[in-house]
Visitor: 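First the structure, which I've put down as structure tokens, then a few questions once you've had a look.
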Amino acid sequence: MKKVLLLIDCDACRSLFDYSHFASEDTTAWNVHGDRLIGMAVAEGWAESSCGNFQYCPGCLEEDEELYRYV
């Protein structure tokens with residue numbers, strides 16, 4: 001069976017979120033597991049842009065106040 005590894009990296013500095021998820025090749029599973037992973041990241045201080053396409057780590061949010069325009 002094919003599996004997909006879902007990771008979150010900061011769009012500013014490219015650091016990786018500590019956790020990841022595996023999902024089958026079913027795109028519905030990608031959405032479910034991806035949403036869960038994003039929820040975990042947000043709970044740990046990461047931010048997601050209003051369009052949902054970008055994620056920023058807590059360190060970059062502290063250093064660059066302009067990132068808050070996108071969140």
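Since we're looking at a predicted model, the values are computed, not measured.
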Visitor: How about K2: does its NZ atom have over 12 heavy atoms from other parts shown lying under 6.0 Å from it?
Guide: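 Not more than 12 within 6.0 Å, no.
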
Visitor: What I'd like to find out is whether the side chain of F17 reaches to under 4.5 Å of the side chain of E44, using heavy atoms alone.
Guide: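 The answer is yes, as the side chains (C-beta and beyond) meet within the 4.5 Å cut-off.
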
Visitor: Can you name the nearest heavy-atom pair linking V4 to W30, along with the distance?
Guide: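 Minimum heavy-atom contact is CG2-NE1, 3.3 Å.
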
Visitor: Write down the atom of Q55, the atom of I38, and the distance for their closest heavy-atom approach.
Guide: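 That would be NE2-CD1, 4.0 Å.
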
Visitor: What distance do I8 atom CD1 and C57 atom SG have between them, rounded to the nearest 0.5 Å?
Guide: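 Those atoms lie 12.0 Å apart.
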
Visitor: What orientation do H33 and H21 show, parallel under 30°, tilted 30 to 60°, or perpendicular over 60°?
Guide: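 Rings of H33 and H21: tilted, 30 to 60°.
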
Visitor: Test your reading of the model: is there a side-chain donor-acceptor pair from D9 to the backbone of L16, 3.5 Å cut-off?
Guide: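 Not confirmed, D9 side chain does not pair with L16 backbone.
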
Visitor: Are F22 and L7 in one and the same hydrophobic cluster, where Ile, Leu, Val, Met, Phe, Trp and Tyr link if side-chain heavy atoms are under 4.5 Å apart?
Guide: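 Yes, F22 and L7 fall within the same hydrophobic cluster.
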
Visitor: Are any side-chain N or O atoms of W46 and backbone N or O atoms of C10, one a donor and one an acceptor, separated by less than 3.5 Å?
Guide: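 Answer holds: no.
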
Visitor: Let me check something: do Y19 and L6 share a hydrophobic cluster, defined by ILVMFWY side-chain heavy atoms less than 4.5 Å apart, either directly or through other members?
Guide: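 They do share one cluster, since a chain of ILVMFWY contacts under 4.5 Å joins Y19 to L6.
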
